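Data block below; observations after.
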Amino acid sequence: MLFDSPPFKNAICHGVVLDENKQKLSKRLRNYPDPLEFFDSYGSDIMRWFLCSSPVLQGGNLLVPKESREIAAVGREAIQPFLNAYSFFSLYANLEERRPRLIENAEEALDRYILTKAGELAQSVSGALDAFDIPRAHAEASSFFDALTNWYIRRSRARFWGTTEQASRDGAFDTLYTVLVQTAKVMAPLMPIVAEKIYKNLTGERSVHLALWPTADAFAQDHALSRSMDLVRSACSAALAVRERFRLRVRLPLKSL
């Protein structure tokens, strides 16, 4: 009325947070885990991830279990993989005399793949947040961490152990360092405490929340390789599912597939 314009440009309509019996959470009923006790035990980022990745931000209802352990399990999907990747890197990087550096491209296909995926993550999370689609931003992050920990690091372990030539080992350290630093910037709105810890430990800078948002230009742009590698990952996942269905252990050689 004062400025002849809408009072807001966007609105987020959220659902209702309920307990296991589908009653609305109430301070009178105390039908929810004590948040301060949960923060002390598990950290606030897990609770943040649980709420922001849920249907409640898209108008759906959210059931909050009374047992906080079920909420803590959400951390294994995204927060713990990020911490595991950082722990893996720091363990072996501290044994090296050479300090890793930020890079934009790489020679080896696996390195170019994960650098490209990190750039695609920055772009997709940025687009999701710009569109106020917060659950989609979290889903994109979870998918990326699966590629980082269950594919890139597993396929590259021998390079970090020093069983390959020096150039390959340096490339692996530079790639993982770059991915962790840039991903911490992307994760800053989604897991602010964990991203802050990882970023400061890796860079020594003041805060990830003062850093510029990374753009896709800072990464490799081998999208054809990214699509091909994702197809290989899908084939491996399908083969693993077949093994599980027929109860064939992973290390058992197959005559045909």
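Predicted, not measured: the structure shown is a model, and the values here were computed from it. Side chains included, hydrogens not; waters and symmetry mates left out as well; all remaining heavy atoms used.
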Checklist entry - salt bridge (Lys or Arg N to Asp or Glu O under 4.0 Å) with Arg233: which residues, sequence neighbours excluded? => result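 For Arg233 the salt bridge (Lys or Arg N to Asp or Glu O under 4.0 Å) partners, ignoring immediate neighbours, are Asp146, Asp230.
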
Is it the case that over 12 heavy atoms from other parts of the model lie below 6.0 angstrom from the [atom1] atom of [X]?
X: Gln80; atom1: CD; value: yes
X: Arg98; atom1: CZ; value: yes
X: Lys185; atom1: NZ; value: yes
X: Leu212; atom1: CG; value: no

Minimum heavy-atom distance between [X] and [Y], given as atom pair plus value:
X: Gly75; Y: Pro81; answer: O-CD, 4.0 Å
X: Glu108; Y: Ser168; answer: OE2-OG, 2.7 Å
X: Ala184; Y: Tyr199; answer: CB-CB, 4.0 Å
X: Ala78; Y: Ser142; answer: CB-OG, 3.8 Å
X: Trp49; Y: Ala141; answer: CH2-CB, 3.7 Å
X: Leu176; Y: Ala85; answer: CD2-O, 4.4 Å

Hydrophobic clusters here meaning ILVMFWY residues chained together by side-chain heavy-atom distances under 4.5 Å, can you tell me if [X] and [Y] are in one?
X: Val16; Y: Leu51; value: no
X: Leu29; Y: Tyr32; value: no
X: Leu225; Y: Leu231; value: no
X: Val194; Y: Leu210; value: no
X: Met229; Y: Leu240; value: no

With the side chain counted from C-beta on, respond yes when [X] and [Y] share a heavy-atom pair under 4.5 Å apart, and no when they do not.
X: Phe144; Y: Met187; value: no
X: Asn201; Y: Tyr86; value: yes
X: Leu18; Y: Leu62; value: no
X: Leu95; Y: Trp161; value: no
X: Phe38; Y: Ile46; value: yes
X: Pro100; Y: Phe89; value: yes
X: Leu190; Y: His138; value: yes
X: Phe82; Y: Thr149; value: no

Indicate yes or no: does [X] engage [Y] in a salt bridge with an N to O separation below 4.0 Å.
X: Arg112; Y: Glu107; result: no
X: Arg30; Y: Asp19; result: no
X: Arg159; Y: Asp111; result: yes

Next on the checklist: side chain to side chain contact (heavy atoms under 4.5 Å, CB included), that's the test. Do Trp213 and Val186 meet it? Break it down for me.
Outcome noted: CA-CA 7 Å; Trp213 184 268; Val186 178; 4.1 Å; yes

For the atom pair [atom1] ([X]) and [atom2] ([Y]), what is the distance rounded to the nearest 0.5 Å?
X: Ile103; Y: Asn105; atom1: CD1; atom2: CG; value: 7.5 Å
X: Arg243; Y: Cys236; atom1: CZ; atom2: SG; value: 10.5 Å
X: Leu63; Y: Lys22; atom1: CG; atom2: NZ; value: 6.5 Å
X: Leu83; Y: Ile198; atom1: CG; atom2: CD1; value: 5.0 Å
X: Leu254; Y: Phe246; atom1: CG; atom2: CZ; value: 11.0 Å
X: Tyr152; Y: Leu115; atom1: OH; atom2: CG; value: 7.5 Å

Checklist entry - Taking the six-membered ring where the residue is Trp, are the ring centres of Tyr177 and Phe173 under 6.0 Å apart? => result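 No; Phe173 has its ring centre 6.0 Å or more from that of Tyr177.
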
State whether the side chain of [X] and the backbone N or O of [Y] hold a donor-acceptor pair below 3.5 Å, judged by distance alone.
X: Glu196; Y: Val208; value: yes
X: Ser124; Y: Leu121; value: yes
X: Ser156; Y: Ile153; value: no
X: Asn31; Y: Ser26; value: yes
X: Asn61; Y: Gly15; value: no

Next on the checklist: Under a plain distance cut-off of 3.5 Å, with no hydrogens placed, do Thr116 and Gln221 share a side-chain donor-acceptor pair?
Outcome noted: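 No - no donor-acceptor pair under 3.5 Å links their side chains.
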
Checklist entry - Can Glu120 and His223 be counted as having a side-chain donor-acceptor contact under 3.5 angstrom? => result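 Checked: Glu120/His223 side chains pair up, N/O donor to acceptor below 3.5 Å.
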
Next on the checklist: Assess the residue pair Trp151 and Val232 against the criterion (side chain to side chain contact (heavy atoms under 4.5 Å, CB included)); give the C-alpha distance rounded to whole Å, side-chain angles, the decisive distance to 0.1 Å, and a yes or no.
Outcome noted: CA-CA 10 Å; Trp151 188 258; Val232 173; 3.9 Å; yes

Checklist entry - Between Phe160 and Tyr92, how do the two ring planes meet: parallel, tilted or perpendicular, split at 30° and 60°? => result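 Taking Tyr92 first and then Phe160, their aromatic rings sit tilted (interplane angle of 30° to 60°).
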
